[in-house]
Amino acid sequence: MVILNGKETSDLIKQELAKEVEAFVAAGGKRPHLCAILVGEDGASQTYVNNKERSCKQVGFNSTVLRMPADTTQETLLKEIEKINQNDDVDGLIVQLPLPKHIDEQVVINAIDPNKDVDGFHPVNVGKLSLGLDTFVCATPFGIMKLLERYQIETKGKKCVILGRSNIVGRPMANLLSQKGYPGDCTVTICHSRTENIKEHTLNADIIIAALGVPHFLTADMVKEGAVIIDVGITRVPADNEKGYVLRGDVDYDNVAPKASYITPVPGGVGPMTIVSLLNNTLKAARKREL
Ligand code: NAP
């Protein structure tokens with residue numbers, strides 16, 4: 001069994017990106033600039049945004065975080081997005097999700113300039129992705145594709161089961177893995193909360209991608225020997241420690257790992273790869289603007 005080390009892989013990719021950024025700037029390009037908007041004080045969201053800010057510095061990007069109070073109105077948020085859309089110094093813009101309940105996430109996503117939408121959530125970019133056109137691929141699925149690629153995991157003709165059909169993970173993941181080329185050419189099944197007998201599907205799968213947000217959902221009896229297991233889930237489960245919680249994946253790692261050929265840990269698997277994708281997309285946005 002091989003552990004797919006997302007932390008190590010993402011560190012390597014960040015070093016490569018840092019070199020690319022310096023070469024780009026040395027050739028007269030503008031230093032890439034990522035702007036993140038954070039509305040409210042959600043603990044997990046603050047951690048994600050802080051990590052993104054730190055990663056930007058590591059690869060030589062400029063980064064700005066716009067922190068707005070939880071009671072910010074949708075109108076105020078949309079105005080800020082428009083200002084950033086118009087700001088030529090900013091290449092990439094992300095709005096950290098989830099947003100407070102009184103704000104319509106889709107309206108906010110639709111307001112981001114598709115050319116700055118480095119999260120790849122705008123309908124224009126989602127549409128391009130589903131057509132197999134060049135676009136900003138949303139970060140988590142892109143990170144998983146990179147991880148499969150770096151570990152040279154065979155995907156052609158493999159049966160892949162994706163647990164979860166969200167717009168940010170399950171659906172784009174299914175799209176990418178079913179497209180022609182590498183990593184891709186999989187036969188993909190998507191399972192969700194209405195799927196009957198999920199185990200019947202997972203037991204047949206060569207590759208399982210778990211993105212449900214249900215801690216330890218995937219157990220050893222649901223997995224065939226030699227399967228590749230990618231765990232996207234991160235749930236904060238209350239614990240008697242300093243932080244008051246532990247992070248749990250969707251896979252019962254201790255019991256599934258001995259049966260797997262490759263498996264991602266939580267934390268240190270998919271999470272760090274997600275941030276790298278965002279950086280990659282921001283550099284891509286900066287390059288496109290120079291053209
Ligand atoms: P989401 O929008 O809540 O979607 C969850 C999906 O799982 C839905 O399609 C839901 O089915 C399905 N589901 C939930 N419970 C199920 C059950 N008991 N049986 C079968 N299907 C079930 O979640 P998400 O945004 O995709 O995130 C999923 C997990 O990944 C979360 O833990 C999240 O924190 C994590 N995540 C991690 C990263 C990272 O960088 N590592 C990035 C994004 C998300 P229905 O559609 O039928 O409701």
Side-chain angles (χ1 to χ4, degrees), residues 3-7 9-10 13-14 36 42-52 54-55 94-99 101 104-106 109 118-121 126 129 136-148 161-177 188-203 205 208-219 221-223 229-238 245-253 263-281:
I3 296 174
L4 297 170
N5 191 328
K7 172 80 182 68
T9 310
S10 70
I13 298 177
K14 277 189 211 165
D42 176 71
S45 293
Q46 291 194 26
T47 306
Y48 295 145
V49 168
N50 290 343
N51 287 345
K52 287 168 188 174
R54 197 173 53 238
S55 298
I94 56 169
V95 178
Q96 185 65 43
L97 302 180
L99 288 167
K101 295 271 177 287
D104 183 332
E105 285 187 355
Q106 195 58 53
I109 290 168
V118 289
D119 257 338
F121 294 163
V126 175
L129 174 74
F136 298 121
V137 178
C138 53
T140 302
F142 184 96
I144 294 170
M145 296 293 270
K146 286 284 158 213
L147 204 52
L148 294 171
V161 166
I162 297 171
L163 303 175
R165 57 176 164 182
S166 73
N167 288 339
I168 63 166
V169 189
R171 271 180 206 288
M173 196 69 249
N175 214 315
L176 289 167
L177 283 173
V188 178
T189 303
I190 304 183
C191 297
H192 45 75
S193 67
R194 304 287 188 273
T195 304
E196 288 181 9
N197 202 351
I198 289 186
K199 185 174 169 180
E200 205 172 83
H201 297 283
T202 54
L203 269 177
I208 301 175
I209 300 186
L212 311 126
V214 182
H216 291 190
F217 178 91
L218 190 76
T219 48
D221 60 311
M222 298 171 78
V223 174
I229 310 291
I230 309 286
D231 190 352
V232 184
I234 321 173
T235 307
R236 288 184 171 196
V237 176
Y245 67 87
V246 287
L247 294 178
R248 280 272 155 77
D250 288 346
V251 176
D252 176 10
Y253 184 91
I263 188 166
T264 57
V266 175
V270 172
M273 294 301 295
T274 297
I275 293 188
V276 151
S277 315
L278 199 61
L279 300 173
N280 199 76
N281 280 345

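Throughout, residue positions are numbered sequentially from 1 according to the sequence presented. Just so you know, ligand 1 is whichever comes first in the structure, and atom 1 is the first atom listed for that ligand.
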Taking only heavy atoms of [X] into account, list the atoms of ligand 1 that are under 4.0 Å away from them.
X	answer
Thr274	39 (C), 40 (O)
Gly164	6 (C), 7 (O), 9 (O)
Gly271	40 (O), 41 (N)
Phe217	17 (C), 18 (N), 19 (N)
Val214	15 (N)
Val270	41 (N)
Gly213	28 (C), 29 (C), 31 (C), 32 (O)

Taking non-hydrogen atoms only, is [X] closer than 4.0 angstrom to ligand 1 via side chain, backbone, both or neither?
X	value
Leu163	neither
Ile234	both
Asn167	neither

_For atom 30 (O) of ligand 1, the option (of Leu97, Ile275, Val232) bearing the nearest heavy atom_ =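 The option holding the nearest heavy atom is Val232.
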*Option nearest atom 9 (O) of ligand 1 (shortest heavy-atom distance, choices Arg165, Arg171, His192)*: Arg165
Measuring only between side-chain heavy atoms, which start at C-beta, is [X] closer than 4.5 Å to [Y]?
X	Y	value
Leu203	Val223	no
Leu177	Leu148	yes
Ile168	Thr140	no
Ile144	Val232	yes

*asked:* Tell me every residue that passes salt bridge (charged side-chain N to carboxylate O under 4.0 Å, His left out) with Asp221, counting only those two or more places apart in sequence or in another chain.
replied: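 Expected list: Lys199.
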Where is the nearest protein heavy atom to [atom]: which residue, which atom, and how far?
atom	value
atom 24 (P) of ligand 1	Ser166 OG, 3.7 Å
atom 44 (C) of ligand 1	Val169 CG2, 4.0 Å
atom 14 (C) of ligand 1	Leu212 O, 3.9 Å
atom 42 (C) of ligand 1	Thr140 OG1, 3.1 Å
atom 48 (O) of ligand 1	Ser193 OG, 3.6 Å
atom 25 (O) of ligand 1	Ile168 CD1, 3.5 Å

Donor-acceptor pair, distance only, cut-off 3.5 Å: does the side chain of [X] make one with the backbone of [Y]?
X	Y	result
Asp250	Leu212	yes
Asp252	Thr219	no
Asp119	Phe121	no

*Taking all heavy atoms of Met173 and all of Pro141, pick out the closest pair and write down the distance.*
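So the minimum-distance heavy-atom pair works out to SD-CA, 3.6 Å.
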_Closest non-hydrogen atom pair between Ala139 and Ser277, with its separation_ = O-OG, 3.0 Å
*asked:* Please identify which of these residues, Ile209, Thr202, Leu218, Leu4, meets the side-chain contact (heavy atoms from CB on, under 4.5 Å) condition with Ile229.
replied: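 Looking at Ile209, Thr202, Leu218, Leu4, the match for Ile229 under the side-chain contact (heavy atoms from CB on, under 4.5 Å) is Leu218.
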*Work out whether the distance between some heavy atom of Ala211 and some atom of ligand 1 is less than 4.0 Å.*
yes
_So for atom CD, which belongs to Gln106, do other residues, nucleotides or ligands contribute more than 12 heavy atoms lying within a distance under 6.0 Å?_
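Enclosed: over 12 neighbouring heavy atoms sit under 6.0 Å from CD of Gln106.
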_Nearest protein heavy atom under 4.0 Å from atom 46 (O) of ligand 1, yes or no_ =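 At least one protein heavy atom is under 4.0 Å away.
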